[in-house]
Amino acid sequence: MHATTANSTQLLRQINSEALLRFALQEQVFTAGEAMAETGLTRATVLGVCDGLVDAGWLEEVDDGGDAGRALKGRPARRYRLREAVGVVVGLDAGETSFTTVVADLRGRELGSRREGLDSHALGRAGRCEKARELIGLTLADAGLTADDVLLTVVGVPAPVDAGGASPAEGEFWQLMNCGFARHLQGRVVVDNDANLAAIAELALEPSANVATLLTGERFGAGLIVDGRLLRGPRGGAGEMRFLDAFTDDKFLPEEGSTDGFGALARKWARSGINSFEGRTTLRDIPEEQIKAEDVFHAAREGDPLGKDIIARLGARLAKIAVVLSSLLDIERVVIAGGISRAVDPVLEHARSLLPSDTGAPLPELVASTLGAEAVVQGAVESALARIRQEPSAFLPRAAAG
């Protein structure tokens, strides 16, 4: 009986602490009265919980040296804030050809960032893990921090990821991308699909109940928010867009049924088309092996016929994908994310013109992300912060680590 009572008291104390911590993570400086209004706890409970969180290293009491915050009866209001030294989070976009890291405090303010190109196939699994450790260490050092300051690291990879952080063993590419970061990076590490993280970043910018965020640079993947929740699937395969490989007939997708992204397709189609395309194209002025997606988009903007033809093909592809997502999942908005989003407006414009208007159902909105190449890493940071807000007591503040 006594043990049950003690356990209940401890559970209640944890619930109250987490409620107050979630409030503190959103505020700059707050009084006990403000915490009472937000959490519904009594003054005595708030003061007791705050004292406990100060002792644990989460909060610090603020002495403003004056009469600010004085209560109506003349008693100075006790004021608190989250300790700056509690810890930080790290986001890592571990792509195939580049790594991007961001270190942020618990309010989401960026403290440091780095980006570095790499050849994942040359590095291999161990090399990718070592490069991640090195880049994170350098980014932390830029901010005057060490690995001991990190409460949580979230890594985004171009592979399906299940609830345990694993990718399907039969996918050689997926195993290379999800190469064991959780075992090789210091501290607590969560690995997630990059498109899912991009969707989380977009959702933080503009809340929406039904939106698909498409990462479509080198490869195609979708982060799907349906009824306000991120779809994952039991094996992490939701949004992998494998139907693009399954259907190749001209009536469905006129191009090869590949999950290559728009960046890769623009480059491939330009390189394969410059010799067979009839008429003048400025893309022939670039050595074939050096043509990039950016060159194709630039040529299209300048009126180049081959560039415009490729834009039209990409637009048709996007329109059909948008119809599939809308009809199956009632998606209201499709967001093109990743580095290609800065130049994708011509593709979006053409895709909008091709959306059927006689289906009787609302058409999805097609837009470009404003986050550019930072969508995945920003989503990684947002995911880390959300996990800490959800269960702050699961993390040990830096002050208590020693």
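Keep in mind that this is a model prediction, so the values were computed, not measured. As a basis for the values below, the full set of heavy atoms in this structure was taken, side chains included, without hydrogen atoms, waters or symmetry mates.
Between the side chain of S383 and the backbone N or O of G379, no donor-acceptor pair lies under 3.5 Å. Between the D149 side chain and the T146 main chain, a donor and an acceptor come within less than 3.5 Å of each other. No donor-acceptor pair closer than 3.5 Å links the side chain of E240 to the backbone N or O of G237. For the pair R114 (side chain) and L135 (backbone), a donor-acceptor distance under 3.5 Å is absent. Using modelled atom types, one side-chain atom of D295 and one backbone atom of K292 make a donor-acceptor pair closer than 3.5 Å. No donor-acceptor distance shorter than 3.5 angstrom exists from the side chain of S326 to the backbone of A322, with no hydrogens or angles considered. R115 places no side-chain N or O within donor-acceptor distance of the main-chain N or O of S98, the cut-off being under 3.5 Å. Judged purely by atom type and a 3.5 angstrom limit, N210 has no side-chain atom pairing as donor or acceptor with the backbone of V226.
Taking the side chain as every heavy atom from C-beta outward, L314 and W269 approach each other to under 4.5 Å. Between I340 and V347, the closest side-chain pair of non-hydrogen atoms is not below 4.5 Å. N275 is listed as a side-chain neighbour of E288, based on a closest heavy-atom distance under 4.5 Å. Here the side chains of L41 and M36 are not in contact, with every heavy-atom distance at 4.5 Å or above. Within the 4.5 Å cutoff, no side-chain heavy atoms of E27 are placed close to those of E34. Under the 4.5 Å side-chain criterion, counting only non-hydrogen atoms from C-beta, L214 is in contact with V334. Looking only at side-chain heavy atoms (C-beta outward), L47 and R43 come within less than 4.5 Å of each other. Using a 4.5 Å heavy-atom threshold, the side chains of L59 and L20 count as touching.
Applying the side-chain hydrogen bond (donor to acceptor under 3.5 Å, both in side chains) definition to pairs two or more places apart or across chains, those involving residues 276-287 are R280-D285, T281-D304, T282-D304. Pairs of residues two or more places apart, or lying in two chains, never qualify as side-chain hydrogen bond (donor to acceptor under 3.5 Å, both in side chains) while including a residue from residues 335-347.
Test V377, T101, V381 against L92 for side chain to side chain contact (heavy atoms under 4.5 Å, CB included) and you get one pass: T101. With respect to V88, the side chain to side chain contact (heavy atoms under 4.5 Å, CB included) criterion is satisfied by exactly one of L152, T153, L140, L106: L140.
Taking a cutoff of 4.0 Å between a charged side-chain nitrogen and a carboxylate oxygen, R389 and E382 qualify as a salt bridge. Using a cut-off of 4.0 Å between Lys/Arg side-chain N and Asp/Glu carboxylate O, R267 and E218 are scored as salt-bridged. Between D192 and R232 there is a salt bridge, with a side-chain nitrogen of the basic residue lying less than 4.0 Å from a carboxylate oxygen of the acidic one. At a threshold of 4.0 Å, the pair R271-E289 does not count as salt-bridged, since none of the basic side-chain nitrogens sits closer than that to a carboxylate oxygen.
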Would E96 and H121 count as a side chain to side chain donor-acceptor pair (under 3.5 Å) here? Give the steps.
CA-CA 8 Å; E96 180 182 0; H121 300 274; 3.0 Å; yes
Determine, step by step, whether T216 and L318 satisfy the side-chain contact (heavy atoms from CB on, under 4.5 Å) criterion, reporting the C-alpha distance in whole Å, the side-chain angles of both residues, the deciding distance to 0.1 Å, and the verdict.
CA-CA 10 Å; T216 177; L318 175 58; over 6 Å; no
As a quick check of understanding, evaluate salt bridge (charged side-chain N to carboxylate O under 4.0 Å, His left out) for E38 and R22, giving each step before the final call.
CA-CA 10 Å; E38 176 67 22; R22 280 190 285 271; over 6 Å; no
Run the side-chain contact (heavy atoms from CB on, under 4.5 Å) check on L82 and W58 step by step: do they pass?
CA-CA 6 Å; L82 194 72; W58 279 105; 4.2 Å; yes
Step by step, would you call L205 with Q378 a side-chain contact (heavy atoms from CB on, under 4.5 Å)?
CA-CA 11 Å; L205 279 182; Q378 291 298 329; over 6 Å; no
Apply salt bridge (charged side-chain N to carboxylate O under 4.0 Å, His left out) to R81 and E60, showing your working.
CA-CA 6 Å; R81 67 184 172 202; E60 61 185 2; 2.7 Å; yes
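In terms of the salt bridge (Lys or Arg N to Asp or Glu O under 4.0 Å) criterion, residue partners of E206 (sequence neighbours excluded) are, by chain and number, R333. Residues meeting the side-chain hydrogen bond (donor to acceptor under 3.5 Å, both in side chains) test with E365, sequence neighbours left out: none. Looking at residues two or more places apart in sequence or on another chain, you find a salt bridge (Lys or Arg N to Asp or Glu O under 4.0 Å) between E61 and R78.
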Show every donor-acceptor pair shorter than 3.5 Å between a side-chain atom in residues 167-174 and any protein atom, with sequence neighbours excluded, or say none if there are none.
from	atom 1	to	atom 2	distance (Å)
S167	OG	P160	O	2.7
S167	OG	N178	ND2	2.9

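Under the 3.5 Å distance criterion, with hydrogens and angles disregarded, a donor-acceptor pair is assigned to the side chains of S369 and E202. Between the side chains of R128 and S120, at least one donor-acceptor pair of N or O atoms lies under 3.5 Å.
For the atom pair CG (D330) and CG (L325), the distance works out to 11.5 Å, reported to the nearest 0.5 Å.
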